[in-house]
Protein chains: 2
Amino acid sequence: MTARYMGIAEELRDAIMRGEYPVGAQLPSEAELATRFAASRGTVRQAVAVLATEGLVGSRQGARRIVLGRERSQSFAELHSFAQWARAMGYRVSGQVLQQRRRGAGATEAVRLALQPGEPVLSVLRLRSLEGEPVMLERTVYAGWIAPAVERIEPGCESVTQALYESVGLVFAYGEHLIDAVAAGVQDSKLLAVRRGSPLLRQRRVTTTHEGRPVEWSDDRYRAGSVTFSIRNSVDANPLVRQMGDLRPAP
Amino acid sequence: MTARYMGIAEELRDAIMRGEYPVGAQLPSEAELATRFAASRGTVRQAVAVLATEGLVGSRQGARRIVLGRERSQSFAELHSFAQWARAMGYRVSGQVLQQRRRGAGATEAVRLALQPGEPVLSVLRLRSLEGEPVMLERTVYAGWIAPAVERIEPGCESVTQALYESVGLVFAYGEHLIDAVAAGVQDSKLLAVRRGSPLLRQRRVTTTHEGRPVEWSDDRYRAGSVTFSIRNSVDANPLVRQMGDLRPAP
DNA sequence: TAGTGGTCTAGACCACATC
DNA sequence: ATGTGGTCTAGACCACTAC
């Protein structure tokens with residue numbers, strides 16, 4: 001059973017997508033929506049809060065809500081998983097494991113994965129492609145407790161996220177992402193077919209379970225021009241953070 | 001008067017920062033917090049919702065909330081304004097206008113700023129420095145209606161955002177940001193003192209008023225290694241979006 | 001001044017986690 | 001079986017916007 005407010009949010013989102021409420025237009029008042037959907041004002045507020053965090057509408061005390069945009073944010077799965085994102089966008093995606101080996105956790109990795117230095121981890125190098133073109137190089141370190149399940153995945157598997165869910169029921173629930181630009185190194189340039197020193201978009205991330213237990217720590221590098229990250233924010237909700245770049249050593 | 005739930009959120013946030021609830025630990029139940037703060041459960045839920053969108057705590061039905069991290073997200077102002085961000089981080093910041101001229105809006109700019117092509121805009125090139133080192137090159141296009149106020153700002157002004165607020169009461173309320181990596185061009189490399197073709201982190205953004213009226217469209221390029229963008233997300237809340245890079249022409 | 005969103009309450013029922 | 005967070009209601013008052 002899906003929640004009432006989700007249904008209301010969906011109806012309003014559809015209306016916005018259809019252009020019934022064009023960008024810049026006002027939404028009906030909460031009271032009006034409550035009547036229309038035969039729900040309490042609280043439920044209606046939950047619904048519009050969903051749209052607000054999606055960046056579709058904005059609001060301020062005393063004035064009607066306004067429509068800010070029509071594109072919808074992607075789901076967490078689509079952000080976390082390259083394959084799920086690419087599929088949702090309608091691209092043909094493939095992946096290939098190039099290296100895979102167990103070793104002891106380094107100092108940085110241990111901190112990221114909440115392990116003791118030297119505890120076993122699984123290091124994997126994967127090349128991801130869109131429409132047959134190599135687009136992203138992924139260097140992932142998995143915590144030891146999930147390593148067996150990762151090793152059972154076939155090397156050409158498209159979606160590791162999905163494989164881990166299906167094999168051991170693992171759900172990625174929270175992520176932290178660090179985004180910056182780096183120059184392509186020797187290995188990067190060879191595998192991504194770009195010149196050495198050319199710009200790459202780097203996304204480093206830690207992903208954890210529902211319980212807050214870190215599962216993986218990854219360094220993903222995208223060929224310049226292949227992908228863009230997009231964020232909507234407001235005075236009220238601000239997910240994005242800018243940091244000085246000298247905070248952590250290269251992995 | 002600040003809201004009750006904000007105060008509760010602050011107390012809980014402080015407790016997390018102090019390590020009273022370390023990363024991975026559980027928060028008290030809503031009922032317990034309601035008693036402790038002499039507030040209703042709804043108000044307590046508003047408070048923990050704040051912490052959840054800040055990425056500090058996570059939650060799932062049936063289980064206690066857990067602490068995910070200790071770093072707090074920055075404010076919208078700190079994301080939008082280079083100067084306000086740098087100051088909040090404790091850096092000495094400076095800026096210099098290198099070029100400034102009025103012209104007609106190009107096709108892309110017109111779309112971004114919700115103008116007709118050819119309508120007047122103000123184009124400004126600024127170099128931003130941290131601790132005296134050039135770090136970011138900012139190419140901003142302002143909508144014509146705000147141009148006079150921008151032109152009155154002195155060329156060495158640190159914070160344009162603050163200047164516009166103080167002079168005409170302009171408030172930046174919503175932003176959309178596109179983040180990717182590009183190679184330094186001729187002008188980039190000269191002004192940022194890097195080699196041609198070296199990697200830059202690019203942030204393009206549109207900022208609008210409370211009413212949803214676009215104010216500026218900007219292309220900011222950071223020297224690699226100088227800044228990192230950081231995002232926390234979860235299955236529930238997902239502000240970040242990844243897109244194919246071939247969507248829009250270079251400005 | 002009237003309308004609107006922001007805040008807060010007190011209570012209820014349900015779905016899920018934990019033991 | 002018990003506790004927990006997720007959802008929903010009905011009402012109230014306030015701060016702010018728009019006119």
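Keep in mind it's a predicted model, so treat the numbers as computed, not measured. In what follows, chains are A, B, ... by sequence order, proteins preceding strands, each numbered from 1.
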Quiz item: Would you call B/Arg126 and B/Phe82 a side-chain contact if the rule is heavy atoms closer than 4.5 Å?
Solution: no
Practice problem: Rounded to the nearest angstrom, tell me the gap between atom CZ in B/Arg4 and atom P in D/dC13. | Solution: 19 Å
Quiz item: What's the closest nucleotide to the A/Arg45 side chain, out of D/dT7, C/dG6, D/dT4?
Solution: C/dG6
Quiz item: Under 3.5 Å, is there a donor-acceptor pair between the side chain of B/Arg128 and the main chain of B/Gly95?
Solution: no
Quiz item: For A/Gln26 and C/dG5, what is the distance between atoms CD and C1' respectively, to the nearest whole Å?
Solution: 12 Å
Quiz item: Do the side chain of B/Arg70 and the main chain of B/Met17 share a donor and acceptor less than 3.5 angstrom apart?
Solution: yes
Quiz prompt | B/Arg213 side chain vs A/Gly24 backbone, donor-acceptor pair below 3.5 Å | solution = no
Exercise. Round to the nearest Å and state the distance from B/Glu32 atom CD to D/dG3 atom P.
Key: 12 Å
Practice problem: Check every atom of C/dC8, D/dA18, D/dC13 against the side chain of A/Arg41 and return the nucleotide holding the closest atom. | Solution: D/dC13
Practice problem: Please determine, for the side chain of A/Ser40, which listed nucleotide (D/dT7, D/dC8, C/dT9) has the closest atom? | Solution: D/dC8
Practice problem: Compare the minimum distances between each of D/dT4, C/dT18, C/dC8 and the side chain of B/Arg64, then state the nucleotide with the smallest one. | Solution: D/dT4
Quiz prompt | Integer-rounded Å distance: C/dT7 P and A/Gln46 CD | solution = 15 Å
Quiz item: Given atom CZ of A/Phe37 and atom P of D/dC8, what is their separation to the nearest angstrom?
Solution: 13 Å
Self-check item: By salt bridge (charged side-chain N to carboxylate O under 4.0 Å, His left out) - contacts of B/Arg36 (at least two apart)
Solution: none
Quiz item: Which nucleotide in the list D/dG5, C/dC8, C/dG6 gets nearest to the side chain of A/Ser59?
Solution: C/dG6
Quiz item: Of A/Gln61 and A/Thr43, whose closest DNA chain D nucleotide lies nearer the 5' terminus?
Solution: A/Thr43
Exercise. Return the value, rounded to whole Å, for the distance between atom CD1 of A/Ile66 and atom P of D/dC16.
Key: 19 Å
Exercise. Would you mind reading off the distance between B/Met6 atom CE and C/dT7 atom C1', rounded to a whole angstrom?
Key: 11 Å
Quiz item: Any donor-acceptor pair under 3.5 Å between the side chain of A/Arg60 and the base of C/dG6?
Solution: no
Quiz item: Is any side-chain nitrogen or oxygen of B/Arg65 closer than 4.0 Å to OP1 or OP2 of D/dG6?
Solution: yes
Quiz item: Could you give the NE2-to-C1' distance, from B/His210 to D/dC16, as a whole number of Å?
Solution: 12 Å
